[in-house]
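Shown next, in structure tokens, is the structure this report addresses.
Every chain is numbered from 1, with letters handed out A, B, ... down the list of sequences.
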Amino acid sequence: MNDGIQAGTVAPAGFAPVRSAVSIEATGLVKKYGQRTVVDHVDLQLRGGEVFGLLGPNGAGKSTTIGMLSTYLQPTSGRVVINGFDAAKHSTNIKQIIGVVPQELAIYEDNTAEENMLFFAEMFDMPSAVRKERIESLFKSMGLWDRRKDLVKKYSGGMKRRLNLAVGLLNNPLFVMMDEPTVGVDPQSRQSIYDIIAGIKAQGKAVLYTTQYMEEAELLCDRIAIIDNGVLKIQGTLEELLEKSEHPVQATKPRGLSELFLQLTGREFRDN
Amino acid sequence: MRKVWAIVRRELQQLSKNPVPLAINLLLPILLIVALGQINFGGASSGNFAISIPVITEDTGAGAQTFKAALQQIPGVTLEEMSLADAKAHVQTKGDRGGYIVIEPGFSQAFAAGQPAKLTVVTSTDSGGQVVRSFVQAVANRFNTTSLMVQSAQAQAQQSGQGAAFNAGAAAQQAQAIQQNAKPAIDLDIQTAGGANFNSFDQVAPGYATMFVILGLNIVATTVINERTRGTLRRLAVMPVPRWAFLLGKMIAQFIISFLQVAIMLAVAALFFGAHINGNNIVGVFLLVVLLSFAATSLGILVASLIKTENGIRPVILIVGILGALLGGSWFPLWLMPDWMQAASKITINSWAMNGFNNLMIFGQDLSQIVPNLLALLIYGAVCLFIAARFFSFTETA
Ligand SMILES: Nc1ncnc2c1ncn2[C@@H]1O[C@H](COP(=O)(O)OP(=O)(O)O)[C@@H](O)[C@H]1O
Ligand SMILES: [Mg+2]
């Protein structure tokens with residue numbers, strides 16, 4: 001069932017549906033709300049087969065960045081290009097190939113889990129046989145198959161999170177954005193989410209993962225960026241980050257990601 | 001279009017999981033209709049009883065004055081002098097009066113001479129007509145009784161004058177004879193006119209159906225808001241589904257609910273309470289129900305597009321629903337309202353629908369005469385939808 005990429009139908013003409021056929025290119029992204037700049041000239045590139053961690057304290061601009069990458073928010077300036085589609089012009093094409101797992105649960109509590117999955121699956125143009133198979137395999141991999149007929153409001157927090165994640169993967173997306181998917185999740189659910197991310201990566205897809213947990217980023221991410229007050233402070237592999245962080249203020253080299261994070265973002269509380 | 005149906009289906013699935021509010025939306029109005037339908041709303045009578053009876057006075061003598069004065073002594077009754085043509089218009093065409101009285105020439109003369117004085121009463125067949133009929137009859141009977149007593153006294157006096165002793169048996173015989181030969185003072189000719197055909201359910205059922213269909217707009221409007229606040233709208237925004245499909249899906253779901261609401265209420269009124277829905281007007285009534293549901297649904301979608309919180313939506317719909325009902329003829333027949341109010345009522349969905357229902361069910365008009373109402377509802381809905389489509393957005397505006 002994990003049938004690789006179905007890019008053939010949605011990639012632009014002349015674009016071969018090969019495994020790593022996904023590229024995300026964000027240049028000079030700016031988002032302003034009134035006078036306030038919430039995301040400030042962010043550049044990001046992602047390739048297939050990698051998990052990219054976007055780290056930052058509360059209110060740093062992680063969700064806003066995902067909003068712009070997913071075509072939900074219009075950037076004040078800057079450009080998002082996914083697989084050659086410009087988000088400003090071809091958002092529908094992009095929507096076919098991305099999957100978003102929002103920070104807040106975005107599922108219908110008064111419907112059953114299955115009704116939710118069937119409903120959201122209808123929003124994508126895929127053959128009904130594919131849809132059915134896809135829903136079944138997602139339910140099974142999330143461990144929700146036996147409870148699929150239950151109303152979502154009867155679900156535990158971890159189950160809702162897993163369903164929230166499953167909905168984001170319905171269209172077998174080439175590029176998955178997960179916004180703090182493990183907040184308030186029990187260790188078992190958390191582990192199953194990690195396994196799923198590993199699976200997506202193994203299929204050659206790209207994952208953008210935001211989190212405030214350093215261990216998670218160290219464990220999951222191939223590349224990491226730290227954002228604060230809308231500004232990308234640093235990005236690279238974990239080793240590169242620890243190497244090149246010759247921050248002018250901090251003379252000592254950070255011993256781990258947590259220390260680097262605090263060096264870059266400061267120690268004041270972030271209550272948004 | 002498959003996406004639209006998916007939106008409709010999910011909406012109805014969700015609503016069916018929570019049937020109590022839906023049931024209340026359906027049962028409460030039916031209960032109200034049944035209760036209020038028992039009250040006579042007829043053109044001639046209303047809640048706090050006041051009735052106005054047109055009189056065509058073709059005899060201005062003392063007898064006529066006496067009769068009119070007696071009628072006006074009944075609390076709540078007023079007489080309106082008018083021409084026969086006007087009176088006919090009120091009773092037969094507009095249906096806002098239950099009946100009229102014609103005091104024929106020579107009434108007073110006959111009255112004075114102890115001859116039956118001829119009085120014609122023309123009433124509608126509805127409850128308003130019954131009221132007029134019973135009042136005129138009551139007053140006429142009083143005159144007749146008085147005249148019997150006068151005749152009886154005259155006979156007594158005659159007998160006494162002959163010097164005979166009072167004899168109970170003879171008196172009884174006499175009374176019987178008097179009664180048999182007695183001429184009533186007033187010769188009442190009661191006719192029923194065609195025209196307005198009023199059953200209070202004809203007003204109450206569409207009235208409350210129209211009101212509750214607007215109050216029921218909460219049902220889907222709040223789900224639009226909930227989608228916004230609970231993030232599912234945001235989720236749909238990053239899926240390949242256009243805004244219009246979302247709005248259309250919501251709209252169809254609400255339309256189905258609204259249509260069933262009105263249709264069931266009217267069906268109950270027609271099947272069990274004699275509201276006038278029959279082969280002659282069923283097509284018109286059906287079209288009205290469809291377009292009423294369309295206009296109301298569009299209004300609901302408009303409200304849901306403009307207002308972003310559930311707490312904001314409920315009072316707005318309540319106000320629109322209640323004021324619309326009051327002004328738009330859901331509670332009181334439009335034709336009983338002063339002219340300025342009738343004019344003002346045109347801004348409500350209720351008035352266009354109610355005027356149409358009244359014309360079909362009460363005044364027996366046909367489909368062609370409610371075309372303006374149908375068009376008005378269509379335009380009303382289209383304008384609401386157009387504005388809604390302009391203002392509705394998946395994203396929050398900062
Ligand atoms: N619609 C909005 N209007 C105004 N400010 C906003 C809006 N959305 C987010 N913000 C602000 O932008 C900043 C970044 O928010 P967000 O991207 O959600 O941060 P993060 O996901 O990193 O916690 C926050 O300070 C937040 O208050
Ligand atoms: Mg966030």
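- With sequence neighbours excluded, no residue forms a salt bridge (charged side-chain N to carboxylate O under 4.0 Å, His left out) with A:Glu104.
- With a 4.5 Å cut-off on non-hydrogen atoms, B:Arg235 touches chain A through its side chain but not through its backbone.
- In this structure, A:Glu25 pairs ionically with A:Arg47, as a charged nitrogen and a carboxylate oxygen lie closer than 4.0 Å.
- For chain B, no part of A:Ser91 is nearby; none of its heavy atoms comes within less than 4.5 Å.
- The closest side-chain donor-acceptor pair between B:Glu310 and B:Thr222, if any, does not fall under 3.5 angstrom.
- Between chain A and the residues B:Glu227, B:Arg230, B:Gln13, the largest count of heavy-atom pairs under 4.5 Å involves B:Gln13.
- Counting heavy-atom pairs closer than 4.5 Å to chain B, the top-ranked of the candidates A:Ile98, A:Asn111, A:Ile94, A:Asp110 is A:Asn111.
- If you measure heavy-atom distances from B:Lys17 to chain A, the contacts under 4.5 Å come from the side chain alone.
- Close approach to chain A, defined as a heavy atom under 4.5 Å from one of its heavy atoms, is seen in B:Pro240, B:Val241 of residues 240-256 of chain B, taken by number.
- Among the candidates A:Gln74, A:Gln103, A:Glu122, the residue making the largest number of heavy-atom pairs closer than 4.5 Å to chain B is A:Glu122.
- Side-chain contact, A:Glu109 with A:Tyr155: no donor N or O sits under 3.5 Å from an acceptor N or O.
- Between chain B and the options A:Ala121, A:Gly99, A:Pro102, heavy-atom pairs under 4.5 Å are most frequent for A:Pro102.
- Classification of the B:Phe201-B:Phe273 ring pair by plane angle, with boundaries at 30° and 60°, yields parallel.
- Ionic pairing of A:Lys62 and A:Glu180 is present here: one or more N-O contacts between side-chain nitrogen and carboxylate oxygen are shorter than 4.0 angstrom.
- Looking at A:Asn171 and A:Lys95, their side chains never bring a donor and an acceptor atom within 3.5 Å of each other.
- Of the atoms belonging to B:Ile7, heavy atoms from both backbone and side chain fall under 4.5 Å from chain A.
- In this model, a donor atom of one side chain and an acceptor atom of the other lie less than 3.5 Å apart for A:Arg162 and A:Ser189.
- Checking side-chain atoms of A:Thr182 against main-chain N and O of A:Val185 turns up no donor-acceptor pair under 3.5 Å.
- Contacts of A:Leu105 with chain B are made by backbone atoms alone, with heavy-atom separations under 4.5 Å and no side-chain atom involved.
- Inspection of the B:Asn350 and B:Thr210 side chains reveals no N or O donor paired with an N or O acceptor under 3.5 Å.
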